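The figures that follow rest on heavy atoms only: side chains count, while hydrogens, waters and symmetry mates do not. None of these values were measured; they are calculated from a predicted model.
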Amino acid sequence: MNKKHGAWSKNEKIFFGLLAPILVLFFCFNTLPLIKGFYYGLTNFRGYGSYDFVGLRNFAEIFQDSRVGHSYLFTFKYALVMTIVVNLLSLILALGLNSKIRGKNALRGIYFVPNILGGLVVGYIFSFIFTYILPAVGKTLGIGFLQNSILASEKYAWIGVLIVAIVIVGAWQGIAMNTIIYISGLQTVPEEVYEACMLDGASGWKKFKSITLPLIMPFVTINLVLCMKNALMVFDQIMSLTKGGPSQSTESISYLIYNNGMSGGQFGFQSANAFVFFIVIVAI
């Protein structure tokens with residue numbers, strides 16, 4: 001602002017003119033729903049009809065509800081494994097795509113294809129494969145563990161989701177963006193550093209551990225945070241593969257909030273749950 005005349009300069013007017021619509025959209029689609037969610041969390045609203053204020057009762061009951069506790073436990077296990085698997089595969093893929101190989105530009109385009117596909121569409125396709133195709137193959141070849149859908153077994157529910165939703169579906173779609181960030185980090189490492197390292201006799205694993213990894217550590221941090229955040233909010237894979245089953249053994253927090261809040265008559269309670277979950281994600 002022009003201090004002498006107390007008027008906005010031309011650049012300041014342009015800046016705030018461009019900023020204002022973004023702030024309005026952010027408030028309408030982010031801040032306002034958060035405020036309304038907290039408001040409904042203080043009520044016994046069922047999603048329709050009248051409702052009464054119940055204060056902090058919903059928030060207190062969240063910590064006493066065993067179903068909510070199980071969902072948090074499952075979600076954190078999922079997020080932990082997802083973060084480790086995706087970042088390991090992304091880093092390995094980035095190292096390969098950053099090296100001097102033939103057709104690496106084409107490969108960089110091909111590996112990114114899963115990221116642009118819809119999570120629900122991919123999940124339903126893999127659900128069909130693991131529910132019908134693999135059991136048929138297992139019966140034909142006489143392979144015992146393939147003859148029944150691993151998604152329908154409560155005993156092996158966590159193993160089934162680990163294999164299908166994380167390694168195949170979740171990681172298959174998630175590694176693309178993480179790989180781009182790792183490639184960006186690898187390209188910031190000066191070539192002279194590697195040349196000096198080779199003169200000192202370091203190569204292979206020692207060069208990666210002593211030179212590459214420390215220099216790209218800020219990019220590792222970014223990927224860990226983003227991957228953990230996305231995995232904690234997992235919904236598409238659960239919705240399309242297991243729907244929280246069998247017997248609620250693979251129910252994530254996001255799916256529980258959606259399922260019980262929208263159709264289970266717990267809109268107020270799940271709004272409180274969503275607000276608590278928001279605080280957890282922000283804290284992480």
**Message:** Show, in sequence, the C-alpha distance, side-chain angles and deciding distance for Lys77 and Val81, and conclude whether the side chain to side chain contact (heavy atoms under 4.5 Å, CB included) test is met.
**Reply:** CA-CA 6 Å; Lys77 287 195 296 183; Val81 177; 5.6 Å; no
Can you name the closest pair of heavy atoms from [X] and [Y] and give their distance?
X	Y	result
Arg46	Gly265	CG-O, 3.6 Å
Gly37	Ser271	O-CB, 3.4 Å
Pro114	Gln173	O-NE2, 3.1 Å
Asp236	Ser240	O-OG, 2.8 Å
Ala176	Asn115	CB-CB, 3.6 Å
Thr140	Ala136	OG1-O, 2.8 Å

**Asked** Which class fits the ring pair Tyr258 and Tyr255: parallel under 30°, tilted 30 to 60°, perpendicular over 60°?
**Response**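 Taking Tyr255 first and then Tyr258, their aromatic rings sit tilted (interplane angle of 30° to 60°).
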**Parallel, tilted or perpendicular: ring planes of Phe59 versus Phe38, cut at 30 and 60 degrees** =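 Ring orientation, 0 to 90° scale: tilted.
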Linking I/L/V/M/F/W/Y whenever any side-chain heavy atoms sit under 4.5 Å apart, do [X] and [Y] land together?
X	Y	result
Leu23	Phe27	no
Ile116	Val86	yes
Leu32	Val24	no
Val280	Phe278	yes
Ile279	Ile253	yes

**Request:** Would you indicate whether Tyr124, at its atom OH, is surrounded by more than 12 heavy atoms from other residues, nucleotides or ligands within a distance under 6.0 Å?
**Result:**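 Counting neighbours around OH of Tyr124, more than 12 heavy atoms of other residues, nucleotides or ligands fall under 6.0 Å, so yes.
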**Request:** Might you confirm whether atom OH of Tyr132 has over 12 heavy atoms from other residues, nucleotides or ligands at distances under 6.0 Å?
**Result:**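 Atom OH in Tyr132 is not crowded, with 12 or fewer foreign heavy atoms closer than 6.0 Å.
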Can you measure from [atom1] ([X]) to [atom2] ([Y]) and round to the nearest 0.5 angstrom?
X	Y	atom1	atom2	answer
Leu93	Ile183	CG	CD1	6.5 Å
Ile125	Leu117	CD1	CG	8.0 Å
Leu91	Ile181	CG	CD1	12.5 Å
Tyr182	Asn87	OH	CG	3.5 Å
Thr31	Phe26	OG1	CZ	4.5 Å
Ile257	Glu251	CD1	CD	10.5 Å

**Prompt:** Side-chain donor-acceptor pair under 3.5 Å between Tyr72 and Asn273, yes or no?
**Reply:**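 Judged by distance alone, the side chains do pair up.
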**Asked** Are Asp52 and Thr43 close enough, and set up right, to give a side chain to side chain contact (heavy atoms under 4.5 Å, CB included), and what steps lead you there?
**Response** CA-CA 6 Å; Asp52 299 311; Thr43 71; over 6 Å; no
**Asked** Passes side chain to side chain contact (heavy atoms under 4.5 Å, CB included), Leu226 versus Asn178? Steps please.
**Response** CA-CA 9 Å; Leu226 292 178; Asn178 287 48; 5.7 Å; no
Would you say the side chain of [Y] lies within less than 4.5 Å of the side chain of [X], judging by non-hydrogen atoms?
X	Y	result
Phe45	Asn58	no
Ile284	Phe76	yes
Phe269	Ile62	yes
Phe130	Val169	no
Phe126	Trp172	yes
Leu213	Val220	yes
Leu186	Ile216	yes
Leu42	Val54	no

**Asked** Would you say Ser263's side chain and Asn259's backbone share a donor-acceptor pair under 3.5 angstrom?
**Response**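 The answer is yes, because a donor-acceptor pair under 3.5 Å joins these two groups.
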**Message:** For Leu232, is there any backbone N or O sitting under 3.5 Å from a side-chain donor or acceptor partner on Thr75?
**Reply:**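 Not a single qualifying donor-acceptor pair exists.
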**Asked** Can you list the steps and then say if Arg67 with Gln248 is a side chain to side chain contact (heavy atoms under 4.5 Å, CB included)?
**Response** CA-CA 8 Å; Arg67 184 175 179 181; Gln248 303 164 6; 3.5 Å; yes
